[in-house]
Colleague: 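Below: one structure in structure tokens.
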Amino acid sequence: MALNVREFFDKNTFTMTYIVYDKETKDSIIIDPVLDFDNASGRFSYESVNTLIDYIQKNKLTPLAILETHAHADHITSATHLKNIFKGIPIGISSEIVKVQDVFNRVFNDESSENDFDLLLSDNQIIKFGAIEVKIIHTPGHTPACSSFLIGNKVFTGDALFMPDFGTGRCDFPSGSSSDLYHSVHEKLYTLADETEIFTGHDYMPGGRELQFKTTIGKSKKENIHIKEQTTCDEFVSYRDERDKTLAAPKLLLPSIQVNIKAGKLPQADKNGKSYLKLPITI
């Protein structure tokens, strides 16, 4: 199998989307696709996802699945939009998504019980999409429903591990846990071979450096500013929890999460033909 990875960077949310494909068969999967959203106007648009679609069509790829590393809080997924375009290809996410849905269905007073994901993925599950074999590694901490995807010698870590100079994802969302994230990284990801390539879910370009999204397990174990191989759980939890106290909520948290826990399915239109996102008020 000649495995290729094509990255797409959304500069508005610092998000990495990936197409992983077999060069010979053209079988492909999409990881963490973005739908553009302007919070001030409530306007959705399709620039990011159209770039993705153009690449797929130009290279004659056959998308077989969309995989979400987690229910994102900083951008809206285009998974359902892509599913509609590519003949109903399945959308997959960790089976633990039910915990996130339970929390936020209460936040948004949503009594619906329908699950809009097609594949609920289990830890250590191996699933094949044509020529592409994916091992699911449950890596909770940022959220309880985070997964990393091991494909050949490449692992797509979502918000568990970033580039070594930026560290790890925050853990202060509902049911997040810095202790869980430590064990996800130290006892799961760091047990992979040192030469395993890491593809991150975001890059925030600290210090104004150029975009970087790929490193290795070995380099992260030696250089990650939050969690090296020798970092103890107490050290990581203390640092991560204190840092998280200083962080503001993501700008797109409320619109993102209520769409993303539904696999990117937008709210049904009201009688006037308009769709509405909810904004819970806290005083």
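Hydrogens, waters and symmetry mates play no part in the numbers below; they use all other heavy atoms, side chains included.
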Colleague: Looking at every heavy atom in both Gln212 and Thr200, which two are closest together, and how far apart are they?
Modeller: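 Result for this residue pair: O-OG1, 4.5 Å.
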
Colleague: So, do Leu61 and Tyr55 sit near enough that their side-chain heavy atoms are less than 4.5 Å apart?
Modeller: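 Yes, at least one pair of side-chain atoms sits under 4.5 Å.
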
Colleague: Using a 3.5 Å distance criterion without hydrogens, assess whether the side chain of Glu242 forms a donor-acceptor pair with backbone atoms of Ser238.
Modeller: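 Between the backbone of Ser238 and the side chain of Glu242 there is no qualifying donor-acceptor contact (under 3.5 Å).
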
Colleague: Do Ile76 and Ile53 sit in the same hydrophobic cluster, where Ile, Leu, Val, Met, Phe, Trp and Tyr count as joined when their side-chain heavy atoms come under 4.5 Å apart?
Modeller: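 Linked within one cluster.
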
Colleague: Evaluate whether atom CD of Gln230 has more than 12 neighbouring non-hydrogen atoms of other residues, nucleotides or ligands under 6.0 angstrom away.
Modeller: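 Yes, enclosed.
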
Colleague: Would one find more than 12 heavy atoms of other residues, nucleotides or ligands at under 6.0 Å from atom NZ of Lys154?
Modeller: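 Yes, enclosed.
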
Colleague: Going by atom types alone, do Asp32 and Thr69 pair a side-chain donor with an acceptor below 3.5 Å?
Modeller: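 Side chains of Asp32 and Thr69: pair found under 3.5 Å.
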
Colleague: Decide yes or no for His70 and Phe173: does some side-chain heavy atom of the first lie under 4.5 Å from some side-chain heavy atom of the second?
Modeller: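 When only atoms from C-beta onward are counted, Phe173 and His70 do not touch, as no gap falls below 4.5 Å.
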
Colleague: Do Ile227 and Tyr239 touch side chain to side chain, with heavy atoms closer than 4.5 Å?
Modeller: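 Not in contact.
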
Colleague: Give a yes or no on whether the backbone of Arg170 and the side-chain of His142 come within a donor-acceptor separation of less than 3.5 Å.
Modeller: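 Yes: the side chain of His142 pairs with the backbone of Arg170.
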
Colleague: Using a distance-only test with no angle check, is there a side-chain donor-acceptor pair under 3.5 angstrom linking Asp36 and Ser48?
Modeller: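 Result is yes, a qualifying pair exists.
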
Colleague: Would Asn224 and Thr168 satisfy side chain to side chain contact (heavy atoms under 4.5 Å, CB included), going step by step from the backbone distance to the final call?
Modeller: CA-CA 8 Å; Asn224 189 287; Thr168 61; 4.3 Å; yes

Colleague: Please tell me if the side chains of Pro144 and Val100 come closer than 4.5 Å, counting only heavy atoms from C-beta onward.
Modeller: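 When only atoms from C-beta onward are counted, Val100 and Pro144 do touch, with a gap below 4.5 Å.
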
Colleague: Has the side chain of His186 got a donor or acceptor atom that lies under 3.5 Å from a matching backbone atom of Ser184?
Modeller: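 No: the side chain of His186 does not pair with the backbone of Ser184.
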
Colleague: For Glu187, is the CD atom crowded, meaning more than 12 foreign heavy atoms sit under 6.0 Å from it?
Modeller: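 Buried by this count: over 12 neighbours within 6.0 Å.
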
Colleague: Donor-acceptor pair, distance only, cut-off 3.5 Å: does the side chain of Thr143 make one with the backbone of Ala145?
Modeller: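 Checked: pair present.
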
Colleague: Could Asp110 and Lys278 be called an ion pair, given the rule that one side-chain N must be under 4.0 Å from one carboxylate O?
Modeller: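 No, Asp110 and Lys278 are not salt-bridged.
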
Colleague: Would you say the side chain of Phe104 lies within less than 4.5 Å of the side chain of Pro174, judging by non-hydrogen atoms?
Modeller: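 A side-chain contact under 4.5 Å exists here.
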
Colleague: Salt-bridge test for Asp27 and Lys128: reply yes if a basic N is under 4.0 Å from a carboxylate O, no otherwise.
Modeller: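 A salt bridge is absent here (no side-chain N lies under 4.0 Å from a carboxylate O).
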
Colleague: Between Tyr18 and Phe199, is the ring centre distance below 6.0 Å?
Modeller: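 That pair passes the under 6.0 Å test.
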
Colleague: Counting only heavy atoms not in Lys219, do more than 12 fall under 6.0 Å of its NZ?
Modeller: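 Counting neighbours around NZ of Lys219, 12 or fewer heavy atoms of other residues, nucleotides or ligands fall under 6.0 Å, so no.
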
Colleague: State, yes or no, whether a side-chain contact exists between Ile56 and Phe86 at a heavy-atom distance under 4.5 Å.
Modeller: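 SC-SC contact between Ile56 and Phe86 confirmed.
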
Colleague: Tell me whether Asp102 is salt-bridged to Arg106, with the criterion being a basic N under 4.0 Å from an acidic carboxylate O.
Modeller: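 Looking at Asp102 and Arg106, the cut-off is met.
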
Colleague: Side chain to side chain contact (heavy atoms under 4.5 Å, CB included) for Thr196 and Leu150? Distances and angles first, verdict last.
Modeller: CA-CA 9 Å; Thr196 305; Leu150 181 63; 4.1 Å; yes

Colleague: What are the two closest non-hydrogen atoms of Val49 and Val34, and how far apart are they?
Modeller: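 It is CB-O, 3.7 Å.
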
Colleague: So, the side chain of Asn105 versus the backbone of Glu111: is there a donor-acceptor pair under 3.5 Å, distance only?
Modeller: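 Judged by distance alone, no pair lies under 3.5 Å.
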
Colleague: So, using side chain to side chain contact (heavy atoms under 4.5 Å, CB included) as the criterion, who are the partners of Asn84 when residues are at least two apart?
Modeller: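 Side chain to side chain contact (heavy atoms under 4.5 Å, CB included) check on Asn84 returns Thr80.
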
Colleague: Considering all heavy atoms of both residues, which atom of Thr25 and which atom of Ala131 are nearest to each other, and what is their separation?
Modeller: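 Minimum heavy-atom separation between Thr25 and Ala131: OG1-CB, 3.7 Å.
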
Colleague: For side-chain hydrogen bond (donor to acceptor under 3.5 Å, both in side chains), just list the numbers for Ser94 and Glu96, CA-CA rounded to whole Å, side-chain angles, deciding distance to a tenth of an Å, and then say yes or no.
Modeller: CA-CA 5 Å; Ser94 167; Glu96 298 297 308; 5.4 Å; no

Colleague: Can you list the steps and then say if Leu161 with Val155 is a side chain to side chain contact (heavy atoms under 4.5 Å, CB included)?
Modeller: CA-CA 10 Å; Leu161 271 178; Val155 63; over 6 Å; no

Colleague: Run through Phe213, Phe9, Phe14 and flag the one making a ring-ring contact (aromatic ring centres under 6.0 Å, His included) with Tyr204.
Modeller: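 Of all the options given, the one that passes is Phe14.
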
Colleague: Please confirm whether the backbone N or O of Ala263 pairs with a side-chain atom of Asp116, one donor and one acceptor, at under 3.5 Å?
Modeller: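 No.
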
Colleague: Can you measure from NZ (Lys265) to OG1 (Thr77) and round to the nearest 0.5 angstrom?
Modeller: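 Reported value, rounded in 0.5 Å steps: 14.5 Å.
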
Colleague: If only atom types and distance count, is the side chain of Thr232 paired as donor or acceptor with the main-chain N or O of Glu235 below 3.5 Å?
Modeller: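 The answer is yes, because a donor-acceptor pair under 3.5 Å joins these two groups.
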
Colleague: Looking at Tyr182, I'd like to know if the NZ or CZ of Arg240 sits under 6.0 Å from its six-membered ring centre while staying within 45 degrees of the ring's axis.
Modeller: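 Judged by the rule, Arg240 and Tyr182 form no cation-pi pair.
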
Colleague: Calculate, to the nearest 0.5 Å, the distance between atoms NZ and CG belonging to Lys135 and Asp123 respectively.
Modeller: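 It comes to 8.0 Å.
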
Colleague: Determine whether a donor-acceptor pair (N or O, by modelled atom type, separation under 3.5 Å) exists between the side chain of Ser147 and the backbone of His138.
Modeller: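 Such a contact is absent between Ser147 side chain and His138 backbone.
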
Colleague: Any chance you could measure Leu67, atom CG, to Phe149, atom CZ, to the nearest 0.5 Å?
Modeller: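 Spacing of CG (Leu67) from CZ (Phe149) equals 4.5 Å.
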
Colleague: Does Thr246 use its side chain to pair, donor to acceptor, with the backbone of Arg243 at less than 3.5 Å?
Modeller: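 It does hold such a pair.
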
Colleague: Any donor and acceptor pair, going by atom type alone, linking the side chain of Ser28 with main-chain N or O of Thr62 inside 3.5 Å?
Modeller: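 The answer is yes, because a donor-acceptor pair under 3.5 Å joins these two groups.
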
Colleague: Can you tell me how far CD1 of Ile126 sits from CD of Glu133, rounded to the nearest 0.5 angstrom?
Modeller: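 Answer for the CD-CD1 pair, Glu133 versus Ile126, is 5.5 Å.
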
Colleague: Leu52 versus Pro33: any side-chain heavy-atom pair under 4.5 Å?
Modeller: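 Leu52 vs Pro33: side chains touch.
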
Colleague: Please give me the minimum heavy-atom distance between Ser148 and Thr139, naming the atom from each residue.
Modeller: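 Heavy-atom minimum between the residues: OG-OG1, 3.1 Å.
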
Colleague: Specify the closest pair of heavy atoms between Arg209 and Asp165, including all atoms of both residues, with the distance to one decimal.
Modeller: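 Heavy atoms only, the tightest pair is NE-OD2, 2.6 Å.
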
Colleague: With the side chain counted from C-beta on, respond yes when Ile137 and Thr157 share a heavy-atom pair under 4.5 Å apart, and no when they do not.
Modeller: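 Of all side-chain heavy-atom pairs linking Thr157 with Ile137, none is under 4.5 Å.
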
Colleague: Going by the angle between their ring planes, with limits at 30° and 60°, are His81 and Tyr46 parallel, tilted or perpendicular?
Modeller: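 If you compare the ring of His81 with that of Tyr46, the planes turn out tilted.
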
Colleague: If I take atom OG from residue Ser179 and atom CG from residue Asp234, how far apart are they, to the nearest 0.5 angstrom?
Modeller: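 CG of Asp234 is found 9.0 Å from OG of Ser179.
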
Colleague: If hydrophobic clusters are built from ILVMFWY residues whose side chains come within less than 4.5 Å, do Phe117 and Ile136 share one?
Modeller: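 Each belongs to a different hydrophobic cluster.
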
Colleague: Any chance you could lay out the side chain to side chain contact (heavy atoms under 4.5 Å, CB included) test for Leu211 and Glu7, step after step, and finish with the verdict?
Modeller: CA-CA 11 Å; Leu211 176 68; Glu7 78 285 352; 5.6 Å; no

Colleague: How long is the span from the OG atom in Ser177 to the CG atom in Asp172, to the nearest 0.5 Å?
Modeller: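 Between Ser177 OG and Asp172 CG, I get 11.5 Å after rounding to 0.5 Å.
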
Colleague: Work out which heavy atom in Val259 is nearest to a heavy atom in Leu277; give both atom names and the distance.
Modeller: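 So the two residues come closest at CG2-CD2, 3.7 Å.
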
